[in-house]
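Please see the structure below; I have some questions.
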Amino acid sequence: MSLKAIVKFVISSDTLVLRGHTRPQGQPESPRERILHLADVMAPRMGSQNREDEPWAFESRDFLRTLAVGKEISYISTHSLPSNGDVTRDLVTAEIKGVDVASEILKNGWAKVKESKRAPTEDDIRKRVIEAEAKATGKGLWNSHGPQARVVHRTMPSDEQVFISEWRGKSIDALVEQVWDGSTLRVRLFMPDGDHQMANIALAGVRCAGISSKQGEPSEPWAEEVLKPDIVCGAQQLKLERPVYYIVQGRAWK
């Protein structure tokens with residue numbers, strides 16, 4: 001049976017996170033989040049504090065982000081995977097507006113077909129043909145020039161004030177990577193030299209109730225309400241993995 005939900009954000013070009021639809025009052029609430037892994041394809045992984053991005057990881061994820069975030073996706077679970085805490089995980093086939101998501105990613109060269117020991121099905125053969133066409137035309141991962149060289153700075157410079165002074169009042173293209181609360185975000189700044197600078201920012205002129213970052217310590221009243229998926233103006237719904245312009249005003253002090 002095909003299920004539908006809205007794509008909340010994209011982890012990589014083969015993995016999406018969903019939020020459930022709002023349910024009528026009195027009906028059981030659908031899972032807050034659900035992770036979908038696209039069947040039969042694999043994409044490069046984004047980095048973390050402990051590891052670098054794999055080649056083409058950002059470009060690959062950005063393709064699916066543009067295609068899917070904020071849109072309704074229809075999916076059929078082919079296999080249930082071990083849950084990640086309280087988050088359900090499924091291996092799926094999926095469509096957006098009638099377009100097969102895995103095929104669209106392969107067509108544009110941003111993922112590869114997984115190797116399989118089973119006898120190939122018609123769908124396996126079709127995906128191999130799509131992958132071969134993307135490879136022959138040098139799309140995506142198959143670009144003969146290789147990925148753009150860049151450094152991803154995951155922490156701010158040791159002297160933040162120098163950075164702030166240089167960019168004060170100037171606009172920097174950015175992408176929202178995480179929403180801490182209604183007025184505090186983690187963004188990826190696209191610097192003019194091609195590097196990416198990760199930064200935690202506070203929206204000037206407003207302050208929302210804070211989410212606790214320490215285990216056992218309560219959040220401020222109403223802090224978690226702004227992140228709920230069933231609130232139309234929820235901060236995550238409006239901002240997560242959306243492009244923004246960041247204008248530096250100064251340093252936020254707590």
Side-chain angles (χ1 to χ4, degrees), residues 1-46 57-108 110-111 113-114 123 127 130 175-182 185-188 211 223-244:
M1 182 180 73
S2 177
L3 301 174
K4 295 182 179 181
I6 302 298
V7 178
K8 181 178 179 181
F9 66 97
V10 172
I11 297 174
S12 62
S13 202
D14 57 7
T15 307
L16 313 92
V17 178
L18 309 181
R19 63 175 177 83
H21 281 306
T22 301
R23 295 294 186 92
Q25 189 173 6
Q27 290 192 18
E29 186 179 9
S30 56
R32 288 289 175 87
E33 291 186 356
R34 192 182 197 99
I35 298 177
L36 304 186
H37 300 272
L38 299 176
D40 303 323
V41 299
M42 57 182 181
R45 295 288 180 261
M46 297 289 289
F58 176 77
E59 292 83 357
S60 175
R61 186 194 70 163
D62 212 47
F63 174 81
L64 185 55
R65 179 192 66 79
T66 303
L67 177 70
V69 168
K71 299 176 184 176
E72 186 177 73
I73 190 169
S74 303
Y75 64 95
I76 298 174
S77 177
T78 61
H79 186 70
S80 294
L81 300 173
S83 63
N84 182 7
D86 60 351
V87 179
T88 303
R89 299 168 62 232
D90 293 283
L91 196 64
V92 305
T93 59
E95 292 184 352
I96 295 176
K97 294 183 177 180
V99 176
D100 182 75
V101 177
S103 296
E104 191 68 10
I105 297 166
L106 291 170
K107 176 182 175 182
N108 287 274
W110 292 120
V113 178
K114 282 184 179 178
D123 190 56
K127 286 177 179 173
I130 295 172
L175 185 72
V176 178
E177 292 283 0
Q178 290 175 284
V179 178
W180 299 124
D181 58 42
L185 316 173
R186 184 164 178 79
V187 298
R188 179 184 297 261
I211 301 287
E224 297 179 8
E225 297 299 312
V226 75
L227 302 183
K228 287 185 175 180
D230 51 348
I231 294 180
V232 173
C233 294
Q236 288 182 332
Q237 186 173 334
L238 292 175
K239 302 170 186 170
L240 192 56
E241 281 197 348
R242 306 300 176 106
V244 295

From the list His37, Arg34, His79, side chain to side chain donor-acceptor pair (under 3.5 Å) partner of Asp90 resolves to Arg34
Heavy-atom closest contact (Ala68 atom, Ile96 atom, distance): CB-CD1, 3.6 Å
So which of Lys8, Arg89, Arg19 actually passes salt bridge (Lys or Arg N to Asp or Glu O under 4.0 Å) with Glu33?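 Exactly one option meets the salt bridge (Lys or Arg N to Asp or Glu O under 4.0 Å) with Glu33, and it is Lys8.
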Shortest non-hydrogen contact from Lys127 to Val113? O-CG2, 3.7 Å
Atom pair CG (Leu38) and CG (Leu16), whose distance is rounded to the nearest 0.5 Å: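 Output value for this atom pair is 5.5 Å.
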Nearest heavy-atom neighbours spanning Ala43 and Trp110: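 Scanning both residues, the minimum pair turns out to be CB-O, 3.9 Å.
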Run through Asp40, Leu36, Ile76 and flag the one making a side-chain contact (heavy atoms from CB on, under 4.5 Å) with Thr93. Ile76
Note, Phe63 side chain near Ile105 side chain (heavy atom, < 4.5 Å): yes
So how far is it from Ser103 OG to Asp123 CG, rounded to the nearest 0.5 Å?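 Rounded to the nearest 0.5 Å, the OG-CG separation comes out at 6.5 Å.
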Which atoms form the tightest heavy-atom contact between Val41 and Ala111, and what is the distance?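 Taking Val41 first and Ala111 second, the nearest heavy atoms are CB-CB, 4.4 Å.
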Where is the tightest heavy-atom contact between Val92 and Ser77, given as atom of each residue plus distance? CG1-CA, 3.9 Å
How far does OG of Ser12 sit from CZ of Arg45, to the nearest 0.5 angstrom?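 Taking OG in Ser12 and CZ in Arg45, the distance rounds to 4.0 Å.
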Give, for atom CD1 of Ile130 and atom CG of Asp100, the distance between the pair rounded to the nearest 0.5 Å. 7.5 Å
On a heavy-atom basis, which atom in Arg61 and which in Leu175 lie closest, and how many Å separate them?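 Closest approach of Arg61 to Leu175, heavy atoms only: NH2-CD2, 3.4 Å.
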In Å, rounded to the nearest 0.5 Å, how long is the span from CG of Asp14 to NZ of Lys114?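 Taking CG in Asp14 and NZ in Lys114, the distance rounds to 6.5 Å.
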Separation of Arg65 CZ from Phe58 CZ (nearest 0.5 Å):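 With rounding to 0.5 Å, CZ (Phe58) is 7.0 Å from CZ (Arg65).
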How about Val7 and Lys71: do any of their side-chain heavy atoms sit closer than 4.5 Å?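 When only atoms from C-beta onward are counted, Lys71 and Val7 do not touch, as no gap falls below 4.5 Å.
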